[in-house]
Amino acid sequence: GWYTVYVKNIFVRTNGGQKVRGSKEDPRQIIRIPLDLAAINNGKGVIVDSGTTDTYLHKNLANDFGEVWKQVTGKDYSNHAISLSERDLLRLPTILIQLQAHASTQKESWRSPNDILGLVGTTLDPSAPNDVLLAIPATHYMEYSPRDGMYTSRVYLTESRGGVIGANAMQGHNVLFDWENSRVGFAESTCDYVDYTNKPMMEYHDERGIASKNCVVSQPILSSPCTPKRETDMESCHDNPELVIEGVEKWTMTV
């Protein structure tokens, strides 16, 4: 399956960076790419699809994106293989995609969007600070080939209708597909399960002085052992020992 999102802005951040926010000690310039929103989001729209390896955006972006890329890197943007050192790779621009927030999250919160990692904030878009900002660093969109030691950009500006935010853009994030409410959520992550379950709870105080703690996920506990989907399946085993039976088991983690 896949989700349709609405792309409102695309930015290029100079000198890379793996996360949405760069270091204050190493300020980076963020350049907005001019967009034709109707063209970028036309057809089926822009979809988030983990089943697609690469990212494909509308061809309408190609000229302006190419101009900014050359301004920042001094080279033409292409999907041809190039040779890069590790340092060169890390200095390539980070692509930032602004996604329109779900209606339920657009209302004001007691926390400033500037304090919430992954939101656009008031600096980039004061009119929609609660929108989502997705960071795609070069280490994710540049695919390395160990056979020839070359890197190839896997962000393609070729679509004639809509686009696809693929698995390479989803790297470095926990992605929640909320089927019931027709929403998709992104949270920057190390994607290290052990790190999440073993991390101590960190206390902080919000602007109202109320103490709170980060959520920690417990180790999974088997709450329901595996049982066949149909009772008749177990009886079939006696007649066919090679039969593969589908079953369901339930594991529970506490937040």
Side-chain angles (χ1 to χ4, degrees), residues 1-20 28-82 84 89 91-102 118-120 124-125 127-128 131-144 151-173 175 177 183-186 188:
W2 41 265
Y3 274 84
T4 300
V5 293
Y6 189 84
V7 173
K8 291 176 64 175
N9 274 309
I10 295 178
F11 306 90
V12 164
R13 185 174 66 202
T14 62
N15 296 322
Q18 300 295 300
K19 303 293 184 179
V20 164
R28 298 175 170 95
Q29 182 184 10
I30 296 178
I31 305 171
R32 179 182 175 276
I33 308 294
L35 294 185
D36 179 345
L37 294 180
I40 298 298
N41 296 283
N42 74 355
K44 66 180 182 299
V46 178
I47 65 172
V48 178
D49 182 15
S50 59
T52 300
T53 304
D54 303 327
T55 292
Y56 300 84
L57 299 175
H58 198 278
K59 61 184 180 181
N60 180 270
L61 275 168
N63 289 337
D64 289 320
F65 186 93
E67 288 181 8
V68 172
W69 182 273
K70 188 160 188 177
Q71 172 189 336
V72 170
T73 67
K75 299 179 180 179
D76 293 329
Y77 181 78
S78 77
N79 298 110
H80 300 304
I82 58 175
L84 292 170
L89 174 68
R91 301 299 283 183
L92 284 178
T94 295
I95 300 170
L96 304 172
I97 301 180
Q98 178 180 344
L99 306 175
Q100 181 172 290
H102 190 271
L119 296 189
V120 170
L124 281 182
D125 190 349
S127 67
D131 280 354
V132 172
L133 194 63
L134 184 66
I136 315 174
T139 51
H140 295 173
Y141 67 75
M142 296 296 291
E143 182 180 66
Y144 178 70
Y151 288 89
T152 303
S153 175
R154 296 304 184 188
V155 173
Y156 295 91
L157 308 175
T158 55
E159 295 299 285
S160 57
R161 295 175 66 83
V164 181
I165 295 176
N168 61 348
M170 299 166 68
Q171 289 184 60
H173 295 84
V175 183
F177 293 95
R183 300 182 301 179
V184 59
F186 299 88
E188 288 189 346

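Side-chain contact between Leu89 and Tyr151 is present, with heavy atoms from C-beta onward closer than 4.5 Å. Looking only at side-chain heavy atoms (C-beta outward), Arg154 and Tyr141 stay at 4.5 Å or farther from each other. For the pair Val7/Leu99, a side-chain contact is recorded, criterion being any heavy-atom separation below 4.5 Å from C-beta on. At least one side-chain heavy atom of Arg91 sits under 4.5 Å from a side-chain heavy atom of Asn15. With contacts defined as side-chain heavy-atom distances shorter than 4.5 Å, the pair Met142/Thr152 does not qualify. Between Val184 and Val175, some side-chain heavy-atom pair lies under the 4.5 Å cut-off. Between Ile165 and Ile47, the closest side-chain pair of non-hydrogen atoms is not below 4.5 Å. Side chains of Trp69 and Asp76 form no contact here, defined as non-hydrogen atoms less than 4.5 Å apart.
The structure places CG of Leu37 at 11.5 Å from CG of Asn42, a figure rounded to the nearest 0.5 Å. Rounding to the nearest 0.5 Å gives a distance of 11.5 Å between CD of Glu159 and CG of Leu61. For the atom pair Asp36 CG and Asp64 CG, the distance stands at 10.5 Å (nearest 0.5 Å). Note that CG of Leu57 and CD1 of Ile40 are 7.0 Å apart. Values are rounded to the nearest 0.5 Å. In this structure, CG in Asn60 is found 13.5 Å from CZ in Phe65, a value given to the nearest 0.5 Å. A distance of 5.5 Å separates CZ of Arg183 from NE2 of His102, quoted to the nearest 0.5 Å.
Between the His58 side chain and the Ser160 main chain, a donor and an acceptor come within less than 3.5 Å of each other. Of the possible donor and acceptor atoms, one in the side chain of Thr94 sits under 3.5 Å from a partner among the backbone N and O of Gly16. In this structure, the side chain of Asp131 engages the main chain of Ala101 through a donor-acceptor pair within 3.5 Å. Side chain of Asn79 to backbone of Val155: a donor-acceptor contact under 3.5 angstrom is found. For Thr4 (side chain) and Gly45 (main-chain N/O), no donor-acceptor pair under 3.5 Å exists by modelled atom type.
The shortest heavy-atom contact between Ile10 and Leu35 is N-CD1, 3.7 Å. Across all their heavy atoms, Ala169 and Ile136 have their closest contact at CB-CD1, 3.5 Å. Of all heavy-atom pairs spanning Gln100 and Lys8, the tightest one is CB-CD, 3.5 Å. Contact between Val12 and Pro93 at its shortest, heavy atoms only, is CG1-CB, 3.4 Å. For Met170 against Phe177, the heavy-atom pair with the smallest separation is CE-CZ, 3.7 Å. A pairwise comparison of heavy atoms in Ser78 and Ser153 identifies O-CB, 3.8 Å as the closest pair.
Residue Asn63 qualifies as open at atom CG: its count of foreign heavy atoms under 6.0 Å is 12 or below.
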Steps toward side-chain contact (heavy atoms from CB on, under 4.5 Å) verdict (Phe11, Gln98): CA-CA 8 Å; Phe11 306 90; Gln98 178 180 344; 3.8 Å; yes
Stepwise side-chain contact (heavy atoms from CB on, under 4.5 Å) check, Leu96 with Ile30: CA-CA 9 Å; Leu96 304 172; Ile30 296 178; 4.1 Å; yes
Worked verdict on Leu84 versus Leu92 for side-chain contact (heavy atoms from CB on, under 4.5 Å): CA-CA 10 Å; Leu84 292 170; Leu92 284 178; 3.7 Å; yes
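For Arg32 and Asn9, the side-chain atoms include at least one donor-acceptor pair closer than 3.5 Å.
Partners of Asn168 by side-chain hydrogen bond (donor to acceptor under 3.5 Å, both in side chains), not counting sequence neighbours, listed by chain and number: Thr55. Asp54 is linked by a side-chain hydrogen bond (donor to acceptor under 3.5 Å, both in side chains) to nothing, counting only residues two or more places apart in sequence or in another chain.
Between Tyr156 and Tyr56, the ring planes are parallel. Angles under 30° get that label, and only those over 60° would be called perpendicular.
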